[in-house]
Each structure stands twice: as structure tokens, then as C-alpha cells.
Amino acid sequence: MKPNYLDELNERQQEAVMHINGPLMIIAGAGSGKTKVLTTRIAHLMRHGVDAFNILSLTFTNKAAREMKERVEKILGGNEARNLYIGTFHSVFARLLRAEAHRLGYPNDFTIYDTDDAKSVLKTIINEQNLDDKHYKPNFVYNRISAAKNSLMGPEEYQHDNFVQQEDMRANRPMIGKIYDMYAKRCFKNGAMDFDDLLYKMYILLKQFPETLHKYQHKFKYIMIDEYQDTNPAQYEIIKLLGSVHENICVVGDDAQSIYSFRGATIENILQFEKDYDDVHVVKLEQNYRSTKSILNVANEVIAHNKGQIEKALWTNNMEGEKIKLVRTMTDNEEGKYVADTIAEQKLRNHYDNRDFAILYRTNAQSRSFEESLRRKGIPYRIYGGISFYQRKEIKDFLAYLRITINTRDEESLKRIINYPVRGIGKTTIEKAVVISNEQNITFWEVLERGREFGFKGGTLEAVEGFVTMIKSFQAILEKHNAYDVAVQVGKSTNIVKELFNDKTTEGLARYENIQELLNSIKEFTETPTEDGELLDKSLGSYLQQITLLTDADQGNDENSDVVKLMTIHAAKGLEFPVVFSVGLEENLFPSTLSINTREELEEERRLFYVVITRAKARLWLTYASSRYRFGSLVNNEPSRFLEEMPEQFIDRSYAGGNAIRGFGGGGGGGLWNNGGNNMFDRMQKKAPAGPAAGSSASSSSARPAPKPAAPVGNHVPTPGFAPDDPATMEAGMEVEHQKFGFGTILSMEGAPNNRIATVVFPKGGGEKKIMLNYARLMIVKK
DNA sequence: TCGGAAATGTTTTTT
DNA sequence: ACATTTCCGA
């Protein structure tokens, strides 16, 4: 008898699920039920006697891991699922390293440096070496080092690799190898690993300690890897090591969705898999359950423009559905407004909830115009990605205290907080301590500890000793208290909480709230039973271990809240939405200017386009703007070349003013200023722009003389903190403020609920005016 | 040694 | 446009 969980699967899917032993490769097209197959397969393994403790399942995002865990639990019932090892590469390896780091000479409570920490260390080193940080940009150097680690190349090898050295010589940056070496040593001294180290050191560990390798080879008898097309060489080698005994490796991937080569991922891994093992069983999932025929046809046609793919034909039984809507607007702001308006309209017309919509873009910077327009229309939304909560300054400062409490070697954190809040340990003192630390080859912390010995005097000595005593007092309670208790103590002793509380500025208030939110999240951590099997550890060390690996998308697990979602296409991989707006489809933006120089780069951009199309279940809008602000000046862009690659019969251009493609950009361009006029005017008043910052577009026009504002407007200066209120809340009789017309009183209201019109009298702003509340910004002054 | 003004850089994409 | 860094005067 077949277990009933198989009933919901098609034949191919069943085939994949029921393959238990030996290497398995699943080529899973977009929307083909990949996650379902993976989760069912885990359940199936367990039904066939595989112990949960022996299963390792790796994903790329925390979200994917969480979802997988939940779905397995649902199928299995009970709580066996909590013994599974399911997580991202980084989080699983961090956990393993936490148990084994001492073998590599790291403290087991090593600190994890995020990208900002790492760049900051690099910058310090570059300056110490008297190198020009304009030439040796920390960002550039970081990427270089990251690429090296992802291909398992250590500092020694880097400096002796001919090819790499030639590359650096050609780029006129011969010192990168040296910087890499110093960086690695500094991180080691600090007891810290960066993101790439979590992979690289894991590999080193397995390679250098055969008994450790052996241990994990026998622990993880069954290994599954999601998004295999996005693995890099380091991940690939680790998997190969771990899986080499039992060879029960199941990889799932789709070469058409490989979008992380910038992070060292290589499609080769998926092609290589069949060669690495004998008797690889290959299953192709080609039926798409997600999208309409229209959407899928467009996607298939687009991806066909790439050459060299694993052969597969994605098809669907779903209905044909609506055509894909192609929309052009004049500016990025209009694009934002169009999308917000359309969401409002679709909610009414097709009874969608907010949660059914996603706005997906190429770069995080594009979110602004959508935020604004959604806010103006009173549509709740949430932005995923961008500046993470944990990257905010006040959060990093607070976390630095926690980190230094756990790991005093962490110089990066120490420098952050040694004089925050101000305690009279200035630059001079810090520099002196750095010098001593280098001379004596001891840690920065140790210099502080032995301050008297090293000749600190008077107020400085007092301050240093006070600081050391305080940190030690935190360490003293570590043993007996959980992460939250320690954090509260830190907040109190450092005075940070009180100080922020007393700061009554808007930013101060926000910072105070953020700290409170951080404390809440720590509390939540200590109170939620961890499902990570053996790790029921609520200590501060345990908390810090996971925190750095969380991204903004993992904050607030309000998966069910009814909001429109905004995120980059990268972040949307693996997700699906009833209605998708793929925005900013313009040359130089998507595809990005930086990715059109080689065929490989362009093809990756095209795969990205494929990914965004296939996120949509029912309806898909593609939008682009003729001109948008970039670096503060307006630039014109042509429609994305990808738009020309779509089959005409599934496209509806009627929204785009008829001839959407190639219909603008050349000629006079006078009309483009209608929207940007005032802004531009302001700029010119201050100072003429230095020059055409973005020389990309032929019709880039920053040199144009400032046009006069189209119509005279009131010279009202909005009150500080002006923020428009929701039109729905406005009533006759209220006093309101308009950004240009000043203060006024609402005389009457009219119009449909979603398109209300107010008649307002502005004593100083030209008398009585009719204001369409969806388009104007009014703030309620008095009800 | 500090705070505020001016100059300068930043934009792919993420764990 | 915005954030961060640098510069400058007190």
C-alpha cells in the first residue's frame, strides 16, 4: 500500500521522493513543486527507518529552511522533525564550527563578522599599511577576498597563484594578497570569522581533521541540497567530503534560475554532479503548478534566448489567464503611483488582499517611489531586505557590548564601544593601546586590562579601569543567566537605554524604540524553545551565534500579516504571488550596466528576468519609466532589451500608450521636465551640478538650464516632520496642511471612497481649492 | 577635542 | 538623494 502522502504527487515527483539510496539529481523547473518533493522525501526517508538525526538538509535562505521544517512537521506530525538538521549552509556550518572551532585555534564562541564588520577591518588594515583607500577600496578588496575563499584559496595560495597575481597586477592592485594575509591574521587574532569563513573554515576543518570528517560523514548519512545551481566551489567541496562515504546525496536545482554567480556560484556544479558519482538518478520535474499559460509561455520564450541549458520543457495545465501587462510611465514617481493605483483597483475589482501583491525590483534603491505611493494611498506594505535591522548603528553598538562580553578578542567590537557612551577614552588613548597591542603581541583587551602597567594615568586610567570592570561584571553573570538577563544588565550599566530615552529628537526616539525591539527579540529568543534538537542553549553566546546570520527578511515572522511585499528579485527567489509587479525594466537598470559586458553576465540577468516572471501565479505587470532619478539627477533610459524578447500574443500593451517600445527618448524631451521641474530648480539655486555625473545616456540632461516652475505656487514652508495622513481619515471641518498651499480648512468632501475629493480653503495659498486626496499630500492639523 | 558644515562617494544582486 | 567622511574653526 502506498502511503497517502504520495497521493498528492505526480509520477515524476513520486519517483524523486521514493528514491532513497544513492545519488539523486532533481532538475526542478520553476513552480514544479520542488519544496513539496523535498519535504515529502524527508518524511518518506523517515518512514523508511532513516533516523532524523542522520538527515542534513541545506538551503540558501533562512526562510526556505523554516518553511521546509514546518512542512516536514506537518506531514510527519509529532516532534521527530526537530531532530533534523535543516538550515542554511552558513547557519549549519556555524553551528558545527561552534562545536569544533577550538581545533582550528578559534574560541568556540567566535564572533561572526557581517559584511560591514569585515570591510571595517579591511579599511583599518589598508590604512595601517599606508595604502590609499581610494585605490584599495575596502569594497573591492572584500569582494576579491570573498571570491578567493569561495574558491577555497587561502592567503598563501593567493599570493603564489600566478593567475590571480596577474589579475591583481593588471588591475594595478598588487597588494591585495598581502592585505588578504593580514586580514586573515587579524580576524584570527580577533577570534572572528566572516561569512565566507563559515564555509572556508568548515572545509579546512574537514580536510585537516580526518576524525572530525569521519564523525560528520557518519552523522549525515542523507544529505539534501536545495538550489544546487547556486552553490559555489567551497560548498561543493564540503558536500563532496561529507557525502563521499554514503553517497546519499540529493540535489535539487534549476539551471535556468541560477542568479548568484556574483557570489561565486557556478552552474558547473549542477553539470558536474552526474560525473562525480556513478549511477546518478536524474528526475526532471517539468509540470508547473504555479502560473497561467500566458505567464509560463512568456517565461519559456525569454529563457530560450540563453544558449546552453539543460534540456527541459516546462508546461502547465492551468488556464491561459490574462495577458501580461506592459506599462510605461514618464518617471519613477509615476511608476510608483501607477503601481499603487493598480493595486487599489485590483483589490476592488478582483477581491485581492494586500498580501497577494508583490513589487519586485532589481536594486534595493528602487523601493523608495513605491513606498511613497503606497503610503499615500494608505496601503500597508513591508520591505524585505535593504538596510537590515541589525545593521543600524545603535543596534550594532549594543551588540558590540554583548560580543565583547562573550569574546574579548574581538577588537572590532571593542573599538566601537570603548568610548560609547562617552567615557573619556579618546583617539590618543586608543592609538596608544593599538601600538602596545601590536608591540607586545597581545590583544587590545589585554592592554586595557593591564592599563596601569602600560602607563595609563589619571582620568584615562580611571576610565579604562571602569570600562574593564564593567565588562567583567557582565562576564560574571554569563554562567548563571540567559541572554536576555545579560542584555538588560548591559543596557542598565552602560546607561545606553537611559540616554536614548532622554533623547527626545525624532531620531533619538526611533533609536530608543529599536533598542527596545532588540531587547524584545532577545527575550523572545530566550523564551522560545529552540527546535534545533540538541541546541537548547539560551545563553548569550548562543544568541549571538545566530543573530548575524539573520537577514532583514527574517525579522518579524509576520508571514500572515496582510501587506504588500516589496523586495529584490533575488530575495523573491523561491516565492510566489498571485499578482506580481516587475518594475524598472529599463536598460542600464535591468539588465544592469554592470552586467552587460559579457554574454555570461547578460545571460544571468536574463535568468533573473525569468525568475521574476515565474514568481507570478495569475497576473503580471511589467513596468518601466522613461526617466528616473539616479545619483540625484534625472536620467533617461530605454526600455529593457528583455521586453523585446517576449512573444507578442501574450502581451497587452494597451496600458503603455500604444507603442510602448522604442517610442521615446530621442527627441525634444521638454515634456520630461513637468515633474522634475521644482526639484531641479532647487538644485540649481544651491549650486550648478558639477557635471554630467552619469554619462551613460545620450540624452542625460543635467546641463540643461533650469526651467521655471510651471505654475506659481504658494511659498509655504512645510512644518518639520510633515507627513501626509490617510485620505480615508479626512472629514469636513478639519484643519489641514498642504506642502505648498499652507494651512487650510476642509469645507466639504465628495467622491468615491477610494477617490475622495476635498474642497479646502487656504487663506494664504490662493483661496478655495479642490484637492484629489489620492494625489495631494495633506496632513491633518486639527480634527 | 568636539560639533557642524562641506565635500565626497554610492548602487547590483546576499549569507 | 542620501549617507558618510573630511575639514575647519572654536
Side-chain angles (χ1 to χ4, degrees), chain A residues 58-65 87-94 112-116 118-120 123 127 133-134 137-139 142-143 146 149-150 193-199 227 230-232 234-235 258-265 332-333 360-369 372 384-388 390-391 393 419 422 424-429 546-554 567-573 584 588-596 601 604-605 607-609 611-612 628-635 676 679-680 682-683 686-687 689-690 693-694 696:
Chain A
L58 297 170
T59 64
F60 273 82
T61 64
N62 295 301
K63 201 192 256 174
T88 64
F89 279 91
H90 290 84
S91 69
V92 168
F93 293 166
I112 298 175
Y113 279 168
D114 67 17
T115 314
D116 290 339
K119 284 178 191 168
S120 162
K123 200 171 170 192
N127 289 331
D133 65 6
K134 301 239 162 59
K137 290 184 186 157
N139 204 20
Y142 177 79
N143 287 331
S146 173
K149 285 184 189 165
N150 284 327
M193 296 196 198
D194 65 19
F195 287 146
D196 302 311
D197 282 330
L198 296 177
L199 308 179
E227 310 280 14
D230 289 329
T231 50
N232 62 39
Q235 291 161 326
S258 160
I259 55 173
Y260 280 105
S261 74
F262 71 93
R263 224 167 76 189
D332 46 355
N333 287 326
L360 308 178
Y361 34 76
R362 178 68 238 267
T363 65
N364 281 307
Q366 284 165 259
S367 68
R368 207 210 75 253
S369 65
E372 233 163 67
Y384 291 80
I387 326 108
S388 158
Y390 298 103
Q391 283 171 297
K393 199 160 104 258
N419 201 30
V422 183
I425 304 180
K427 216 170 162 187
T428 330
T429 312
Q546 53 144 51
I547 206 72
T548 317
L549 298 170
L550 290 183
T551 55
D552 196 43
D554 305 308
M567 64 186 94
T568 64
I569 300 169
H570 282 87
K573 194 165 74 140
N588 300 328
L589 185 58
F590 191 14
S592 159
T593 326
L594 301 165
S595 305
I596 49 173
E601 285 172 349
E604 177 145 321
E605 292 283 306
R607 289 193 293 271
L608 203 49
F609 187 44
V611 166
V612 71
R628 70 170 63 238
Y629 278 96
R630 234 185 165 186
F631 297 116
S633 60
L634 203 58
V635 290
N679 237 325
M680 194 61 189
D682 290 342
R683 284 179 72 77
K686 268 188 253 163
K687 195 182 168 195
S696 53

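Sequence lines set the chain letters: A, B, ... in the order given, protein chains first and strands last, and positions in each chain run from 1. As the structure is a computational prediction, the values presented were derived from the model and not from experiment.
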In whole Å, what is the span from the [atom1] atom of [X] to the [atom2] atom of [N]?
| X | N | atom1 | atom2 | value |
| --- | --- | --- | --- | --- |
| A/R263 | B/dT15 | CZ | C1' | 5 Å |
| A/K573 | B/dT13 | NZ | P | 16 Å |
| A/K119 | C/dT4 | NZ | P | 13 Å |
| A/I259 | B/dT13 | CD1 | P | 12 Å |
| A/L198 | B/dT15 | CG | C1' | 9 Å |
| A/N139 | B/dT13 | CG | P | 11 Å |
| A/L634 | C/dA1 | CG | C1' | 13 Å |
| A/F93 | B/dT15 | CZ | P | 16 Å |

With a 4.5 Å heavy-atom cut-off, do A/H570 and A/I259 have their side chains touching?
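A/H570 vs A/I259: side chains touch.
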
Picking from [options], which would you name as closest to the side chain of [X]?
| X | options | answer |
| --- | --- | --- |
| A/F631 | B/dG9, B/dT13, B/dT10 | B/dT10 |
| A/A571 | B/dT14, C/dA1, B/dT15 | B/dT14 |
| A/K134 | B/dG9, B/dT11, B/dT15 | B/dG9 |
| A/K123 | C/dT5, B/dT13, C/dA1 | C/dT5 |

Could you tell me if A/D114 and A/Q391 have a donor-acceptor pair between their side chains, going purely by distance under 3.5 Å?
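No, A/D114 and A/Q391 have no side-chain donor paired with an acceptor closer than 3.5 Å.
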
Atom NZ of A/K119 with >12 non-hydrogen neighbours under 6.0 angstrom:
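It does: A/K119 NZ has more than 12 such atoms within range.
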
Main-chain N/O of A/Y629 paired with A/D332 side-chain donor or acceptor, under 3.5 Å
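At least one qualifying donor-acceptor pair exists.
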
Donor-acceptor pair, A/E605 side chain versus A/S592 backbone, under 3.5 Å?
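Side chain of A/E605 to backbone of A/S592: a pair is present.
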
Below the 4.0 Å mark, does B/dT14 have OP1 or OP2 next to a side-chain nitrogen or oxygen of A/T568?
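Checking A/T568 against B/dT14: at least one side-chain N or O falls below 4.0 Å of OP1 or OP2.
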
Given B/dT13, is OP1 or OP2 found less than 4.0 Å from the side-chain N or O atoms of A/N364?
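Looking at the OP1 and OP2 atoms of B/dT13, one of them is under 4.0 Å from a side-chain N or O of A/N364.
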
When all nucleic acid strands are considered with a 4.0 Å heavy-atom cut-off, which category describes [X]: base, sugar-phosphate, or nothing?
| X | value |
| --- | --- |
| A/F60 | sugar-phosphate |
| A/K137 | sugar-phosphate |
| A/Y260 | sugar-phosphate |
| A/S91 | nothing |

Give me the distance, rounded to whole Å, that separates C/dT4 from B/dT13 when you measure between the C1' atoms they each carry.
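These two C1' atoms come out 23 Å apart once rounded.
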
Identify, between A/L594 and A/T115, the residue whose nearest nucleotide on DNA chain B lies closer to the 5' end.
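First, find each residue's nearest nucleotide; the 5'-ward one identifies A/L594.
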
Taking the six-membered ring of A/Y260, is the NZ or CZ of A/K573 close enough (under 6.0 Å from the centre) and on axis enough (within 45°)?
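Output no; distance or angle outside limits.
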
Can you check whether A/F262 stacks with the B/dT13 base, using ring centres under 5.5 Å and planes within 30°?
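So A/F262 counts as stacking on the base.
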
